[in-house]
Amino acid sequence: MKKQIEQLVAAALQRLTQDGVIPPEAVVAPKIERTRDSRHGDFATNIAMVLAKPARTNPRELAQRLLDALPSSALLESCAIAGPGFINFSLAASAYHSLIPAILEQGPSYGRSELGRGRRIQVEFVSANPTGPLHVGHGRGAAYGSVVADLLEAIGFDVHREYYVNDAGRQMDILATSVWLRYLELCDETLSFPANGYRGDYVWDIAATLHRDHGEAYKQDAEAVFQGVAADEPDGGDKEAHIDDLILRAKQLLGDNRYRFVFELGLNTILDDIRDDLGLFGVTYDEWYSERSLTESGAVNRAIERLRNSGHLYEKEGAVWFRSTDYGDEKDRVVIRDNGQTTYFASDIAYHMDKLERGFDRVIDVWGADHHGYVPRVKAALQALGDDPSKLDVLLVQFAILYRGGEKVQMSTRSGEFVTLRELRKEVGADAARFFYVMRKCEQHMDFDLDLAKSQSNDNPVYYVQYAHARICSVFQQAAEQGIPVASDPSAADYGLLSEPHEQSLITSLAKYPEAVEAAALHEEPHQLTHYLRELANDFHTYYNAHKFLIEDSALRNARVQLILATRQVVRNGLNLLGVSAPEKM
RNA sequence: GCCCUCGUAGCUCAGCAGGAUAGAGCAAUCGCCUCCUAAGCGAUAGGUCACAGGUUCGACUCCUGUCGAGGGCGCCA
C-alpha cells in the first residue's frame, strides 16, 4: 500500500518538475509514513516541506500544487493538506477490505518480500569459544542473530548463517590441560588445580569420560607434571606463566598424539553440547567454520602475505605488526608474535578476507559489546587488503543482567558460577527466553527479569501475543462444537460489513505487518517486530472483548470469521519469524 | 587518561532514522465474566525527554561540552 502511494507522489513530483515548479536537481524520493494519529488519515508525506525552499515557495502552496498534479487512484478516499504542509492520505475502505482475502491466500508468505533478491548476506553470530557451555550472555546474541538472519531471509536475501569455531589457540590449550589435570585427579593423583584453569563441572565430566574409556593410559605422576613449572598466583607467582608451563608439560609428557586426543575430546564434547543447546533454542547454522582450517588451508599466511606485499606490515621487538593506525585504529596490532605464532587477530583477518572472497554482498558479525574495541582493526585490515570495509557490519549486543526476586543474579566465569543458556531455557522456556532477548534494542543494556519471563500471567508479553493466537483457535473450536457453520471461501465474504472502529483498526494493523517486517529487517531490529505483535495482539484482544464473532447474522459472522483468521495468520507468521511457537491452546 | 554504548513516567522500555498534542507495559486507583479462554478489556493518574549550548521552517532525534551508568583499551581468545 505504502509503495503504491509512493508511486503516486513520485508521479506528481515528476509532473511538477516538468512544469518547472521544482528544480530537477532538488527532487528526492518521497518519503511516505504512517500517521501517528488516525485523524491525520492513514499515510502522510512531508515532501512539500522538504522541497519548499528549493522550489522558492511556501510548503502549503507547494502541497496544493502536488495535490493538483496527483494522479487519481481508487486506492485513495481523500487527500488533504494539514499543519505546516503535510499531505495526508486516507485510504478507501475497499483498499483495506481486499486485504483480508489477500492475507489468507498468501498464508505463511504474507509479509515476506523480494526486496533483497539476488543478494547474499552472511550472518555470523554466537561464535563463543568452545571452552565451556554457553551462558546467558551468549543467549542474547543467539536469539538476536538468528532472528536478524530470519528477518533478512523474509525480505528475500539469500542468508548464510555461520558459527566461527575458535578451535585453535591458547584458550583451547588451557581447556585441554584443565581436562587432563582433572583426569589425573581421577587417577588418584594429588595436585593443586591452576588458578587460571577451567573449573566448571563440565571439565570433570570430560575427564571422567577419558578415564572411563581409557583407564590410566594418559596418567602421569603429578609431581613430575609440576616439576619446574613456574609458581601459580596463590603461591605468589604469575598465573599466566604457570598455566603456560603446564600446557607445555602436558604436551611434552603426553606427546603429540595423546595430547591431541585429549584436546579433541574436550573440543568435540563441548562443541556437541553447544550445538545441541542452540538447536533446542531454535538456532541452527548453515556452517560451523573452523579457525584451525584457516591455518591449514593457508588462508592465514596468504592474508599476512597480502598485507606484507602491500606494505602494511613491519617488524618491531621480534614481532610482526600491522599498521592499523593508517586506517584509524588507535594503535598498531601484532599479527605474528615473537615466538613465531600468529595471533588470534591474524586468524580474524584471514577469516574476514575469506568471507568476502566467498562472494557475500554483505557480511554481518554479531559480537558481544565487550569486543567493540575490535571493530576498527578488523575494518582496517579489510581496507588494507583492498576490500570494501563497508560490506562488513558489526552489530554489538550488550550484556543481559539477570534478576531474580528483584535481586541481580551474580555471575562469574572464573569460578564457573554462571547461569548457562541451558539452565535459562529450562527455567523460563525457549519461547519466553527468545522473546525477552529480542524485545529490546541490541545496544541497550537489558534487565532480564526471570520471574516475569516465567510468570504465566498477564504481565508476560510473550503469553500476551501467544494468547491472541490461542484465543482465535478457541473460537473455531467453539464453532465446531456448537455446529456453527464457518465459511471457507475468503473471497465470498462481504467485508463492507466490517464497519466497527475496532475492526478497522485491526485491519489497519494487519496491513502494517509487511512494513514492520521490512523495517525490522533493514535496521536489524527484531524488537520492532515484537512491538508490532504486541500492538496487533492488543487490537485483537480489544476487538474480542467488544464484539462477538459467532453470531446469528451469517453475513456479518462470515466477514468477522475471515478477519480473525487473517489475524491468526499474521500472529503466527510474526511469532514464527521470532522463533517462538504459536500454541493453539493455553 | 583515551574510545564505544546508553541516560525518556515510580520500574522496564518504545518513539516509525529530522516532523503534527512524547507513547506502551508493569506498579497505583476505579470499573467489566448467567456472554467465543479474565493469560483478556476499559478508564484515571503519572514527564523540565540527564543538563547547557548550537545547527533550521521544525530537535527526544543531528553536532559540541558537562554530569551520570555500563563496557573496552594485551605479542589473551
Side-chain angles (χ1 to χ4, degrees), chain A residues 31 33-37 39-40 44 46 49-50 52-53 58-59 82-86 88 128-129 131 166 168-172 174 196 240 291 316-321 330-331 333-339 341-345 347-348 368-376 396 398-399 401 403 406 439-449 452 455-464 466-468 470-479 481-482 484 512 515-516 519 523 525 527-528 530-532 534-535 537-538 540-551 564 585-586:
Chain A
K31 204 189 285 176
E33 294 176 316
R34 285 276 175 187
T35 57
R36 196 178 313 197
D37 189 328
R39 279 172 297 182
H40 297 135
N46 64 349
M49 290 182 300
V50 174
K53 199 175 232 180
N58 74 61
F86 290 102
N88 294 335
N129 285 348
T131 54
N166 296 118
R170 183 164 169 266
Q171 293 304 322
M172 289 309 298
I174 295 177
N196 221 15
E240 305 290 350
E291 176 187 357
K316 191 178 82 178
E317 293 160 8
V320 177
W321 299 67
E330 290 172 11
K331 52 173 290 193
R333 311 289 173 177
V334 171
V335 289
I336 306 176
R337 289 190 257 167
D338 59 5
N339 65 8
Q341 288 189 316
T342 55
T343 60
Y344 173 85
F345 178 46
S347 299
D348 232 16
D370 53 334
H371 286 71
H372 75 77
Y374 219 78
V375 179
L396 299 171
Q398 287 284 353
F399 295 122
I401 302 164
Y403 286 84
M439 206 162 58
R440 305 294 176 223
K441 264 196 307 214
C442 70
E443 67 264 33
Q444 196 52 269
H445 303 128
M446 180 171 74
D447 290 339
F448 194 121
D449 186 334
L452 179 59
S455 77
Q456 307 214 341
S457 76
N458 51 344
D459 305 357
N460 195 325
V462 189
Y463 293 123
Y464 184 81
Q466 289 182 320
Y467 183 47
R471 252 186 164 174
I472 296 170
C473 292
S474 173
V475 171
F476 289 95
Q477 183 69 30
Q478 281 293 321
E481 280 171 17
Q482 296 172 23
I484 299 171
K512 287 178 184 171
E515 296 159 31
H523 297 116
E525 291 182 350
H527 76 272
Q528 288 198 35
T530 65
H531 282 268
Y532 167 82
R534 218 208 60 78
E535 278 163 29
N538 181 49
F540 171 73
H541 287 310
T542 303
Y543 180 36
Y544 181 97
N545 269 65
H547 301 284
K548 202 165 152 59
F549 312 136
L550 301 177
I551 47 174
I564 64 170
K585 261 195 188 131
M586 287 175 75

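Values below: all heavy atoms of this structure, side chains included; hydrogens, waters and symmetry mates excluded. Throughout, protein chains are lettered first and strands after them, A, B, ... in sequence-line order, and every chain is numbered starting at 1.
- Within the structure, a side-chain polar atom (N or O) of A/Tyr464 is placed less than 4.0 Å from OP1 or OP2 of B/C41.
- For A/Ser347, the side chain to side chain donor-acceptor pair (under 3.5 Å) partners two or more places apart in sequence, or in a different chain, are A/Glu291.
- RNA chain B forms stems at B:1-7 with B:67-73, B:10-13 with B:23-26, B:28-32 with B:40-44, B:50-54 with B:62-66, each a run of 3 or more consecutive Watson-Crick or G-U wobble pairs whose two key distances fall under 3.5 Å.
- Stacking annotation: A/Phe86 is not stacked on the base of B/G19 (requires ring centroids less than 5.5 angstrom apart and an interplanar angle below 30 degrees).
- B/A17: glycosidic angle within 90° of 0, hence syn.
- With both ends at atom C1', the span from B/A17 to B/G25 equals 24 Å, rounded to whole Å.
- Between A/Tyr544 and A/Phe549, the two ring planes are perpendicular [angle over 60°; tilted spans 30° to 60°].
- Between A/Phe345 atom CZ and B/C75 atom P the separation is 12 Å, expressed in whole Å.
- Nucleotides B/G46 and B/G23, compared at atom P, are 14 Å apart to the nearest Å.
- The gap from the P atom of B/U64 to that of B/C11 amounts to 29 Å, rounded to the nearest Å.
- Using C1' as the reference atom, B/G15 and B/C49 are 11 Å apart when rounded to the nearest Å.
- Of the P atoms belonging to B/G58 and B/C26, the separation is 39 Å, rounded to the nearest Å.
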Please produce a list of atom pairs where a protein N or O lies less than 3.5 Å from an N or O of nucleotides 13-15 of chain B.
| unit_1 | atom_1 | unit_2 | atom_2 | d |
| --- | --- | --- | --- | --- |
| B/C13 | OP1 | A/His445 | O | 3.1 |
| B/C13 | OP1 | A/Asp447 | N | 3.2 |
| B/C13 | O2' | A/Arg440 | NH1 | 2.6 |
| B/A14 | OP1 | A/Lys441 | N | 3.0 |
| B/A14 | OP2 | A/Gln444 | NE2 | 3.0 |
| B/G15 | OP1 | A/His527 | NE2 | 3.3 |
| B/G15 | OP2 | A/Lys441 | NZ | 3.3 |

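- Taking the C1' atom of each, B/U56 and B/G70 are spaced 34 Å apart, rounded to whole Å.
- B/A9 and B/C60 have their P atoms separated by 15 Å, given to the nearest Å.
- Residue A/Arg471 places at least one side-chain N or O under 4.0 Å from the OP1 or OP2 atom of B/A38.
- A/Glu443 places its CD atom 9 Å from the C1' atom of B/C6, with the value rounded to the nearest Å.
- Using a 4.5 Å heavy-atom threshold, the side chains of A/Tyr532 and A/Glu515 count as separate.
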